[in-house]
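Have a look at the structure below, then the notes.
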2 protein chains.
Amino acid sequence: MGASYYQFCPVAKAMELLDERWTLLIVRELLSGSERFNEVRRGVPRMSPTLLAKRLNQLVRAGVVEKRDDRYVLTPAGEELRPVVDALAVWGVRWIGELGERDLDPKLLLWDMRRHVDPAAVPEGRTVVLFRFPDTAPGNRRWWLLLTPGTADVCDDDPGHEVSVTVTAPLRALVGIWRGDLAWADAVRAGTVELEGPERLRRGLPTWFTLSPYAGVPRPVRAGVSAPSR
Amino acid sequence: MGASYYQFCPVAKAMELLDERWTLLIVRELLSGSERFNEVRRGVPRMSPTLLAKRLNQLVRAGVVEKRDDRYVLTPAGEELRPVVDALAVWGVRWIGELGERDLDPKLLLWDMRRHVDPAAVPEGRTVVLFRFPDTAPGNRRWWLLLTPGTADVCDDDPGHEVSVTVTAPLRALVGIWRGDLAWADAVRAGTVELEGPERLRRGLPTWFTLSPYAGVPRPVRAGVSAPSR
DNA sequence: CGGTATCCACTACGATACTG
DNA sequence: CAGTATCGTAGTGGATACCG
């Protein structure tokens, strides 16, 4: 655990555990349903496995996480961190709009989208979505999402199936849509995002993803800047 | 600002600013109404002034705090951190019950009580409350609180006025009452806390303080442990 | 898959003294 | 009152390789 603040204040006591780097992001992953070490790791790819192991053990010792044969599950205390993570996310989405280039990780984006596919909205059979990000590093330009009403898989190399719809966009734009900074419809209309494929699928695609849970958070009203249409 | 997580996730972006040591405690102080440098400092006495200055500047650069001639005031973005601090406090009070000896700082306690005096409940005229903590370090054993319906002042040496009520208790017990872990009535009945003075004042004293804003947060139900009566 | 081991660089933080 | 200046160290965190 982190250094003590030597204060009896509940905020201080909470932060002794939670203000350490990565800790709340791990909790975020666990709240999102990840349970296994490498599953959590996909959500914090820039964290070394040593440090992840250390943090997970800290959380176990703090009574926030319980380890059941290779599965890390939140205890009631851990589950009750949801309001904290939610409050942080709401604040972050409202007040930290500027994203650096390095913040735009396609793998995290696709992995996140995968988690929020709406099974009821996805067409019958198999749908293959190809995402093209012309502006990213060579190895990161093409991603495939294989959707069925029950499954969703991410591939970073050609799975060999025929592509149903292709999405071409700057990575930043797609992240913006995902975060709710930008609406699908606006982006397509403006030509920022290009959809190719049968019209039915082009129209349907925006409904297949429920977007980030915080996409719908209202943004601060700033004079002269209009909100994205929804 | 702290190191980036290189993630577009709003929680990550928020934590880049907020996960640094002390930062949220400073925000807590500002949310509690402190504005001046040394006023904030009283709430984080173990923080070096250099570091406090640095953190305040970071918060200004982040758009969370605005500096107006020696006063630090929260911007709308800063004010919106209240739900974050609240969520942390609620979690902390529920799940971090154990306090170390070093967490029990009488000065912080008195300073905090001072901030939460209920002017409507305090008797007319001047009331002098002497707090005695027999179990603390020599210089910390006696504190005076001078109350009037409009003012409240803390002294760590004898202000010379006649004492109206004396409170004698282990510091831990009084902190427990303050945090809502323990009820005044229970503590007095059990003899843990001793009140001396006219009955009217002894009875009245528990009503003069509204206690910590989080004292009323319901605690997790644990089998065999009963909640304090209120 | 589920982690350890090792090593280094850095820098954040704490302590203390001092200034306008 | 409102901060700077200085300095040393502990220890975090990053990178990479390796193991059961």
Side-chain angles (χ1 to χ4, degrees), chain A residues 1-7 12 15-27 29-30 33-62 65-73 100 102-103 105 108 111 153-154, chain B residues 1-7 12 15-27 29-30 33-62 65-73 100 102-103 105 108 111 153-154:
Chain A
M1 203 162 110
S4 178
Y5 286 113
Y6 298 118
Q7 297 196 0
M15 287 310 276
E16 285 179 14
L17 174 68
L18 302 174
D19 72 357
E20 284 195 301
R21 195 162 155 74
W22 295 111
T23 301
L24 270 177
L25 300 196
I26 295 167
V27 172
E29 288 305 307
L30 296 171
S34 292
E35 291 193 334
R36 316 197 66 111
F37 189 88
N38 285 321
E39 210 176 357
V40 173
R41 221 189 146 191
R42 265 187 288 262
V44 285
R46 304 186 64 100
M47 190 178 190
S48 85
T50 308
L51 189 51
L52 175 55
K54 180 180 172 187
R55 286 285 184 276
L56 284 168
N57 287 329
Q58 288 176 302
L59 289 170
V60 168
R61 261 179 281 129
V65 169
E66 209 173 333
K67 184 170 179 180
R68 299 196 195 133
D69 44 49
D70 285 352
R71 301 193 112 82
Y72 296 92
V73 297
R102 310 276 311 266
D103 295 338
D105 182 331
L108 279 176
W111 179 251
D153 292 299
V154 176
Chain B
M1 203 165 108
S4 178
Y5 286 113
Y6 298 118
Q7 297 196 0
M15 287 309 276
E16 285 179 14
L17 174 68
L18 303 174
D19 72 359
E20 285 195 300
R21 194 161 156 76
W22 296 111
T23 301
L24 270 177
L25 300 196
I26 294 166
V27 172
E29 287 305 306
L30 297 171
S34 291
E35 291 193 334
R36 316 198 65 112
F37 190 88
N38 285 322
E39 210 176 357
V40 173
R41 219 187 147 192
R42 266 187 289 261
V44 285
R46 305 187 63 99
M47 191 178 189
S48 87
T50 308
L51 189 52
L52 174 55
K54 180 180 172 186
R55 286 286 184 275
L56 284 169
N57 286 329
Q58 288 177 302
L59 288 170
V60 168
R61 261 179 281 127
V65 168
E66 210 173 334
K67 185 171 179 181
R68 300 196 195 133
D69 44 50
D70 285 352
R71 301 192 112 82
Y72 296 92
V73 297
R102 311 275 312 265
D103 296 338
D105 182 331
L108 279 177
W111 179 250
D153 292 299
V154 175

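Here is the naming used below: chain letters follow the sequence lines, and residue numbers restart at 1 for every chain. Because the structure is predicted, anything quoted here is derived from the model rather than measured.
Side-chain contact between A/L108 and B/Q7: present, with at least one pair of heavy atoms (C-beta onward) separated by less than 4.5 Å. Here the side chains of B/I26 and B/L52 are in contact, with some heavy-atom distance below 4.5 Å. No side-chain heavy atom of B/D70 sits less than 4.5 Å from a side-chain heavy atom of B/E35.
If you take CZ of A/R21 and C1' of D/dA15, they are 14 Å apart, rounded to a whole angstrom. Going from atom CZ of A/R46 over to atom P of D/dG14 covers 9 Å, rounded to whole Å. Atom pair A/E20:CD and C/dA12:P shows a separation of 16 Å (rounding to whole Å applied). If you take CD of B/Q58 and P of C/dT11, they are 14 Å apart, rounded to a whole angstrom. One atom, CZ of A/F37, and another, C1' of D/dG20, lie 15 Å apart when rounded to the nearest Å. As rounded to whole Å, 13 Å separates atom C1' of D/dA2 from atom CD of B/E39. Atoms CG (A/D19) and C1' (D/dG13) sit 15 Å apart, rounded to a whole Å. Separating the CG atom of A/L51 from the C1' atom of D/dA15 is a distance of 12 Å, rounded to the nearest angstrom.
Among the protein residues, A/D70 comes within range of the sugar-phosphate backbone only, with heavy atoms under 4.0 Å from sugar or phosphate atoms but none that close to a base. At a threshold of 4.0 angstrom between heavy atoms, the contacts of B/R41 with the nucleic acid are absent. Across all strands, A/R71 comes closer than 4.0 Å to no nucleic acid atom at all (heavy-atom distances).
Between B/R42 and B/N57, the residue anchored nearer the 5' end of DNA chain D, judged by the nucleotide with its closest heavy atom, is B/R42. Each of A/K67 and B/M47 was matched to the nucleotide of DNA chain C holding its nearest heavy atom; the match closer to the 5' end belongs to A/K67. The residue among A/A3 and A/T50 whose nearest nucleotide of DNA chain C lies closer to the 5′ end is A/T50.
For B/R55, a side-chain nitrogen or oxygen approaches OP1 or OP2 of C/dC13 to under 4.0 Å. Here B/R36 does not reach the OP1 or OP2 of D/dG3: none of its side-chain N or O atoms lies under 4.0 Å away. Residue B/W22 places none of its side-chain N or O atoms closer than 4.0 Å to OP1 or OP2 of C/dA12. For the pair A/K54 and D/dT12, the criterion of a side-chain N or O lying under 4.0 Å from OP1 or OP2 is met. Between D/dG14 and B/Y5, no contact under 4.0 Å exists linking OP1 or OP2 to a side-chain N or O.
For the residue pair B/Q58/B/R61, the side-chain donor-acceptor check at 3.5 Å is not satisfied.
Judged by a 6.0 Å distance limit and a 45° cone about the ring axis, B/R71 is not positioned over the six-membered ring of B/F37.
Put simply, NZ on A/K54 and CG on A/N57 are 10.5 Å apart, with the number rounded to the nearest 0.5 Å.
Heavy-atom minimum distance, B/Y5 versus B/E16: N-OE2, 3.1 Å.
Taking five base pairs at each end of the helix from C/dC1-D/dG20 to C/dG20-D/dC1 and finding the rotation axis that steps the C1' atoms of four pairs onto the next four gives two axes whose angle is 60°, to the nearest 10°.
Out of C/dT4, D/dG14, C/dG14, the shortest distance to the side chain of A/A53 is found at C/dT4. Set against C/dG3, D/dA15, C/dA17, the side chain of A/S48 has D/dA15 as its closest nucleotide.
Ion pairing between B/E66 and B/R68 holds under the 4.0 Å rule for side-chain N and carboxylate O.
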